[in-house]
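Worksheet: one structure, shown below.
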Amino acid sequence: MQKKRLVSILSVAVASALLLVGCGSKSDSSSQKNTEITVGASSNPHAKILEHVKPELKKEGVDLKVKVFDDYVMPNKALASKELDANYFQHKPFLNNWNKKNDGSLVDAGGVHLEPIGVYSKKYKNLKDLPQNSTVLVSSNVADYGRVLQMFKDAGLITIKKGTDLETATFDDIDTNKKNLKFKHTYEAKLMPKLYESDEAAATVINANYAVQAGLNPTKDSIALEKKSSPYVNIVAVRKGDTKKDAIKKLMKTLKSDKTQDWIKKEYKGGVLPADD
């Protein structure tokens with residue numbers, strides 16, 4: 001009788017211990033669950049860079065989902081409406097301009113890389129070779145106008161009105177234009193490679209991400225390329241207050257790591273440059 005009672009007591013004890021272990025396992029599993037974040041990005045190089053850092057982020061407890069956009073309009077709208085946790089496609093002047101126009105409050109979480117904007121031509125090898133009264137095609141992205149003006153100014157083709165802030169400059173801020181160049185700027189940025197391929201004008205200005213997507217190498221194929229000292233570094237943007245979130249901190253640390261930046265250098269061979277900040 002005592003033996004049966006002892007066996008019964010032992011059985012209850014073992015069952016209780018297993019139950020506690022099971023509960024402990026469940027709790028441990030739950031506490032170790034990764035944080036999931038969704039980042040909107042242009043397909044190349046942004047989304048490609050994000051895909052590259054996915055494994056490293058997973059080790060840090062962050063599951064990264066990448067949502068690809070093919071324009072410059074929707075990513076900020078999607079972030080503001082909380083469809084995304086962050087986006088990665090724009091530079092700071094573009095973000096500032098978007099916030100101003102849309103009464104937005106999106107903020108810069110940090111710079112990752114520079115996509116040097118370039119001028120491309122089927123006929124000419126240098127900006128200075130452009131003939132009198134040439135047409136230059138530029139996208140309708142106002143935030144890039146200062147970058148374009150700087151390149152033509154550096155080539156000695158134009159001067160800019162005194163006191164002009166290049167981050168907010170437009171083509172109306174040209175003071176002198178010795179070759180009487182015509183800047184047409186009514187096209188979507190993503191259409192610029194097609195306009196270049198169809199040889200629509202003497203020269204076409206193309207953002208590096210769209211140039212790379214079209215199979216162009218900015219360092220080899222452009223006739224003029226933005227300097228690395230440019231302030232137009234591509235950033236990760238988030239909603240106000242989210243820069244302090246642990247997952248966003250880990251995302252930025254991984255993107256800005258020497259390992260990732262070295263990979264960017266090798267992968268894009270100068271077409272995409274690591275940020276200096």
Side-chain angles (χ1 to χ4, degrees), residues 41-48 68-76 89-91 93-94 97-98 101 113-158 160 166-167 169-174 177-227 230 232 234 268-273:
S42 299
S43 63
N44 197 7
H46 307 81
K48 191 172 181 179
V68 176
F69 292 84
D70 66 355
D71 61 35
Y72 290 166
V73 177
M74 295 308 297
N76 279 338
F89 78 100
Q90 64 194 319
H91 49 63
F94 184 94
N97 188 56
W98 188 89
K101 284 188 173 181
H113 73 267
L114 172 69
E115 295 174 20
I117 200 167
V119 184
Y120 297 78
S121 176
K122 294 282 188 180
K123 299 173 183 174
Y124 307 103
K125 300 296 183 183
N126 192 290
L127 280 186
K128 292 180 179 180
D129 296 335
L130 296 179
Q132 199 78 15
N133 301 313
S134 291
T135 297
V136 179
L137 303 185
V138 183
S139 83
S140 57
N141 183 14
V142 178
D144 282 338
Y145 291 173
R147 307 169 76 181
V148 178
L149 291 171
Q150 185 67 59
M151 282 192 291
F152 281 83
K153 178 176 179 286
D154 290 344
L157 298 179
I158 64 170
I160 300 169
L166 281 175
E167 286 196 7
T170 71
F171 293 100
D172 291 335
D173 292 310
I174 294 174
N177 183 351
K178 68 180 187 179
K179 288 196 173 185
N180 194 33
L181 300 174
K182 316 288 187 185
F183 294 93
K184 291 182 66 177
H185 45 87
T186 57
Y187 312 93
E188 284 188 67
K190 65 182 179 182
L191 297 178
M192 304 314 291
K194 290 183 179 178
L195 294 172
Y196 162 70
E197 287 298 335
S198 60
D199 203 13
E200 294 283 329
T204 305
V205 181
I206 309 176
N207 291 83
N209 61 315
Y210 289 123
V212 169
Q213 287 174 39
L216 295 169
N217 183 320
T219 56
K220 292 180 179 179
D221 298 324
S222 66
I223 64 170
L225 196 63
E226 185 176 24
K227 294 177 181 177
S230 166
Y232 291 85
N234 276 226
Y268 292 101
K269 299 177 176 62
V272 179
L273 303 171

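None of the values given here were measured: they were computed from a predicted structure. Side chains are part of it too, since the values below use all heavy atoms of this structure and drop only hydrogens, waters and symmetry mates. All residue numbers in this chain count up from 1 along the given sequence.
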Minimum heavy-atom separation for [X] and [Y], please, with both atom names.
X      : Y      : value
Asp70  : Lys190 : O-CD, 3.3 Å
Pro193 : Ala189 : CD-O, 4.0 Å
Ile160 : Lys153 : CD1-CD, 3.6 Å
Ser222 : Gly118 : CB-CA, 4.5 Å
Phe89  : Pro75  : CE2-CB, 3.4 Å
Ala47  : Ala41  : N-CB, 3.8 Å

Just by modelled atom types, is the [Y] backbone N or O under 3.5 Å from a matching donor or acceptor in the [X] side chain?
X      : Y      : result
Glu226 : Ile117 : yes
Asn177 : Leu181 : yes
Lys179 : Leu130 : yes
Ser134 : Pro131 : yes
Gln132 : Lys178 : yes
Ser198 : Leu195 : yes
Asp173 : Thr170 : yes
Asp221 : Asn217 : yes
Ser42  : Asn44  : no

Step by step, work out the side-chain hydrogen bond (donor to acceptor under 3.5 Å, both in side chains) result for Gln90 and Asn76.
CA-CA 9 Å; Gln90 64 194 319; Asn76 279 338; 2.9 Å; yes
Distance (rounded to the nearest 0.5 Å) between [X] [atom1] and [Y] [atom2]:
X      : Y      : atom1 : atom2 : value
Leu273 : Thr219 : CG    : OG1   : 9.0 Å
Tyr187 : Thr204 : OH    : OG1   : 8.5 Å
Glu115 : Asn207 : CD    : CG    : 7.0 Å

Full working for side-chain contact (heavy atoms from CB on, under 4.5 Å) between His46 and Asn209:
CA-CA 8 Å; His46 307 81; Asn209 61 315; 4.2 Å; yes
Derivation and outcome, ring pair (Phe, Tyr, Trp, His ring centres under 6.0 Å), residues Tyr210 and Tyr196:
CA-CA 12 Å; Tyr210 289 123; Tyr196 162 70; over 10 Å; no
Can Lys122 and Glu197 be said to form a side-chain contact (heavy atoms from CB on, under 4.5 Å), step by step?
CA-CA 8 Å; Lys122 294 282 188 180; Glu197 287 298 335; 3.1 Å; yes
Verify salt bridge (Lys or Arg N to Asp or Glu O under 4.0 Å) between Glu200 and Lys194, making sure each step is shown before the conclusion.
CA-CA 9 Å; Glu200 294 283 329; Lys194 290 183 179 178; over 6 Å; no
Do we see a donor-acceptor contact under 3.5 Å between the side chains of Gln213 and Ser43?
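Ser43 and Gln213 do have a side-chain donor-acceptor pair below 3.5 Å.
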Show, in sequence, the C-alpha distance, side-chain angles and deciding distance for Ile174 and Phe152, and conclude whether the side-chain contact (heavy atoms from CB on, under 4.5 Å) test is met.
CA-CA 10 Å; Ile174 294 174; Phe152 281 83; over 6 Å; no
Phe94: which of Val142, Asn234, Asp144, Asn141 passes side chain to side chain contact (heavy atoms under 4.5 Å, CB included):
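The option that passes is Asn141.
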Residues Lys123, Asp129: salt bridge by 4.0 Å N-O rule
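No, Lys123 and Asp129 are not salt-bridged.
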Taking ring-ring contact (aromatic ring centres under 6.0 Å, His included) as the criterion, tell me which of Tyr232, Phe183, Phe171 meets it with Tyr145.
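The single option meeting the ring-ring contact (aromatic ring centres under 6.0 Å, His included) with Tyr145 is Phe171.
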Taking it one step at a time, do His185 and Leu137 satisfy side-chain contact (heavy atoms from CB on, under 4.5 Å)?
CA-CA 6 Å; His185 45 87; Leu137 303 185; over 6 Å; no
